[in-house]
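To start, the structure itself, in structure tokens.
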Amino acid sequence: MCGIVGYTGSRPATPLLIEGLRDLEYRGYDSAGVAVMSGKGDLEIVKRAGKIQRLDDALDGGERTSATTGIGHTRWATHGKPTDMNAHPHPGTNGHVVVVHNGIVENYAELRRELSECGVTFSSETDTETIAHLMERAMDRGLDLASALRETAARLEGSQAIVAISPSEPGVLAAARLGNAGGVVLGIGEGENFVASDLAAVIPHTRHVVFLADHQFARVTPGAFTITGTDGQPVGTIDERVVPIDPMSALKGNYPHFMLKEIMEQPEALSDTIQSLVSVEPPEIRLPDLGPAADQLTRVNRVVLIGMGTSLHAAMLGRYFVEKYAGIPAEIDNASEFRYRDAILDPGTLVVSVSQSGETVDVLEGMRVARDAGCLQVTICNTEGGQTTRVADGTVYTRAGLERGVASTKCFTAALVALYALALRLGEARGHLDQETIIERIRALVPLPEHVARILGAEQALARVARDLSQAQNMLFLGRGGAFPVAMEGALKMKEVSYIHAEGYAAGEMKHGPIALIDPGFPSVVIATRHALRNKIISNIEQLQARGGRVVALVTEGDNEIEELCDDCIELPPVDQTLEPILATIPLQCLAYRVAIIRGCDVDQPRNLAKTVTVE
Ligand code: M6R
């Protein structure tokens, strides 16, 4: 949830750290801080509650210090309120070591008691401070920074990502990844190196990266890095890779917000994803990163799809695709429930995890459960080298580019395409689909990016509907079939960025409770396109109107009958039935964005949220 960045090289560290923190701000934004160190080991720590701008103001942009090594942190509070004091970095008592941390030290109360009994005075309410004191005590006993981190790591319960510096080792960063609390990526530069929670802070400087695996430790200097295991021995092979991300994609360009930019990027994101996964001529479902999973799909007799938030909604639609095209039972589960249930799994079960970041802790823990049960695993991921891709037997990458807005948009629609392609491949492997159907299904994807571009080109027409909806305190989103997950996603987008209470329901459920809420001040957004069980949806609309409820409907172009029934209609181009939900998503994202802007909300950094949820 927090963002960590570290730099060692010859350039001034502070401005680089601030820039890195801005790139990671979507991971947490309630306080921020840096600790920088000169070549002589002079240390300066500055931290502030609030957004990174407050820290930047306190540092005057950071040009004045000559420090060339440092660590920075942007926080999403778990232990202790977002105050200056609780902000990271945290030093040990004598400033011999300073740490930044992402995760939760689950035994921190016990460690705190033990350290207090030894005379240590704590200056914050955080769990992180225990790490700083433990490391400092280890260094005071003569261990070097990297060894002190390894020794301390052995005492910590829970999952953590940690980066530390010490004035007694100028130019050295020590980093650790312990469990699934968040990634640690090394950015390998020329005469300088970076450490960060994720790629966003690294790719403006270098595309050469190494991801730390669970329980790996790194010692990083300007010209070198070593990676060891818990025993301090160098790991066998280092998977250094070049990430295919254009650094420009990390910028907002002419857009006022990342969310809008990313909504608008969907035609390209879909087109890149489609092209990477299928070929039309010759017709082929490629899925180039399925790896060893490719040959094992024939043994799959059941699919369980897991994810959280928006990715869970993608998984919900993925179930429809799998049932339809692979002809095998498919279930979905919220990963945070799946991991604690006694889920019935066996080696014939394919577990498909969906995660934009590849770092969501509940998804990773769900994957651990699946691995222990001997399941085949495929992950749908947008992050090259993300942790889910390292755990799964195979990956279906979405090619949506970096997503910086906390509210996921382009990665949702790209994940839907990936799930569709995976379902086709499963159907092909199991002999459920004939070649003619596969060709027809691949061709159906081709016009999709163009249709999305058309919808986006006309999105200004949503301004009036958004103005009306922005007055509401509550909203209902309704859909049937494949439009049901999209209704859930529409409601999630609305509540995330506009703070309007919104619920997504299967339209058939409406009469079983939600309709009691309907009055003239409680609008409903209904997905009523040609294929969304239209006649039944018409009944739902009539029932809402009979209770004085205002109805905004998404309809297929030219559907005059529904247009007459509703207060407002948003038209979608006619498209292949299975892919219709992807199109229906687009106006719902635009509406959420517009409503949030009218209400003056911070769409890229909604309150209380963080983009990557790496703690429970
Ligand atoms: O990185 P992931 O796809 O695993 O993230 C899952 C959810 O945390 C994420 O989709 C969240 O719900 C977003 N804020 C949705 O906009």
Side-chain angles (χ1 to χ4, degrees), residues 1 3 24-29 76 180-183 197-200 257-260 262-263 266 269 305-318 332-339 352-367 379-392 395-398 400-416 418-419 477 485-486 488-499 502 504 585 588-589 591-593 596 601-616:
M1 314 275 289
L24 296 174
E25 199 170 12
Y26 60 83
R27 296 178 67 98
Y29 32 84
W76 189 91
N180 291 327
S197 299
D198 72 43
L199 290 173
H257 300 101
F258 280 111
M259 182 179 178
L260 181 60
E262 288 156 6
I263 289 173
Q266 286 178 107
L305 299 108
I306 58 171
M308 298 299 291
T310 290
S311 291
L312 176 63
H313 298 152
M316 286 171 73
L317 194 52
I332 47 133
D333 211 340
N334 177 303
S336 66
E337 292 297 317
F338 173 79
R339 61 181 282 198
V352 178
S353 52
V354 186
S355 178
Q356 170 278 131
S357 60
E359 298 291 342
T360 298
V361 68
D362 285 315
V363 174
L364 287 166
E365 289 301 319
M367 291 177 78
T379 191
I380 311 287
C381 187
N382 193 53
T383 307
E384 186 78 25
Q387 189 62 11
T388 57
T389 71
R390 303 167 74 95
V391 179
T395 299
V396 183
Y397 276 112
T398 50
L402 267 190
E403 190 180 69
R404 301 269 306 265
V406 167
S408 184
T409 52
K410 62 179 180 175
C411 287
F412 175 68
T413 47
L416 296 181
L419 286 160
F477 284 73
V486 173
M488 300 282 290
E489 176 59 10
L492 178 65
K493 283 291 88 80
M494 187 61 80
K495 59 188 152 199
E496 274 187 301
V497 295
S498 77
Y499 314 143
T585 305
L588 301 187
Q589 296 170 341
L591 273 179
Y593 173 78
C601 302
D602 184 347
V603 290
D604 281 341
Q605 292 174 357
R607 69 183 178 209
N608 305 337
L609 293 179
K611 185 154 186 70
T612 309
V613 180
T614 55
V615 294
E616 277 193 79

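Note that ligands are numbered from 1 as they come in the structure, with each ligand's atoms numbered from 1 the same way. Just so it is clear, the structure is predicted and the values come from calculations on it, not from any experiment.
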For ligand 1, the portion of Glu496 having any non-hydrogen atom under 4.0 Å away
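The side chain, only.
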
Starting from [atom], locate the nearest protein heavy atom and write down its residue, its atom name and how far away it is, to 0.1 Å.
atom: atom 15 (C) of ligand 1; value: Thr310 OG1, 2.9 Å
atom: atom 1 (O) of ligand 1; value: Ser357 OG, 2.6 Å
atom: atom 2 (P) of ligand 1; value: Thr360 OG1, 3.3 Å
atom: atom 7 (C) of ligand 1; value: Met308 O, 3.5 Å

Is there a donor in the side chain of Thr409 and an acceptor in the side chain of Gln589, or the other way round, less than 3.5 Å apart?
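Judged by distance alone, the side chains do not pair up.
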
Is the side chain of Asn382 donor-acceptor paired with the backbone N or O of Ala400 at a distance under 3.5 Å, no angle test?
yes

Indicate yes or no for a side-chain donor-acceptor contact from Glu365 to the backbone of Ser336 under 3.5 Å, with no hydrogens or angles considered.
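Not confirmed, Glu365 side chain does not pair with Ser336 backbone.
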
Scanning both residues in full, the closest heavy-atom pair of Ser311 with Ser355 reads OG-CA, 3.9 Å

At their closest point, which heavy atom of Leu416 faces which heavy atom of Ala314, and how far apart are they?
CD2-CA, 3.6 Å

Under 3.5 Å: N/O of Ala407 near N/O of ligand 1
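No; every N/O pair is 3.5 Å or more apart.
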
For Leu609, state whether at least one heavy atom is located under 4.0 Å from any atom of ligand 1.
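It does not; every heavy atom stays at 4.0 Å or beyond.
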
Give a yes/no on ligand 1: does Lys493 have at least one heavy atom closer than 4.0 angstrom to it?
yes

Numbered atoms of ligand 1 (with element) below 4.0 Å of Val406, judged on heavy atoms
13 (C), 14 (N), 16 (O)

What atoms in ligand 1 come closer than 4.0 Å to a heavy atom of Ser311?
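Close to Ser311: 2 (P), 3 (O), 10 (O).
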
Of Asp333, Leu312, Ile332, Val354, which is the lone residue that meets side chain to side chain contact (heavy atoms under 4.5 Å, CB included) with Ile306?
Asp333

Apply side-chain hydrogen bond (donor to acceptor under 3.5 Å, both in side chains) to the pair Ser408 and Gln356, showing each step before the final yes or no.
CA-CA 8 Å; Ser408 184; Gln356 170 278 131; 5.7 Å; no

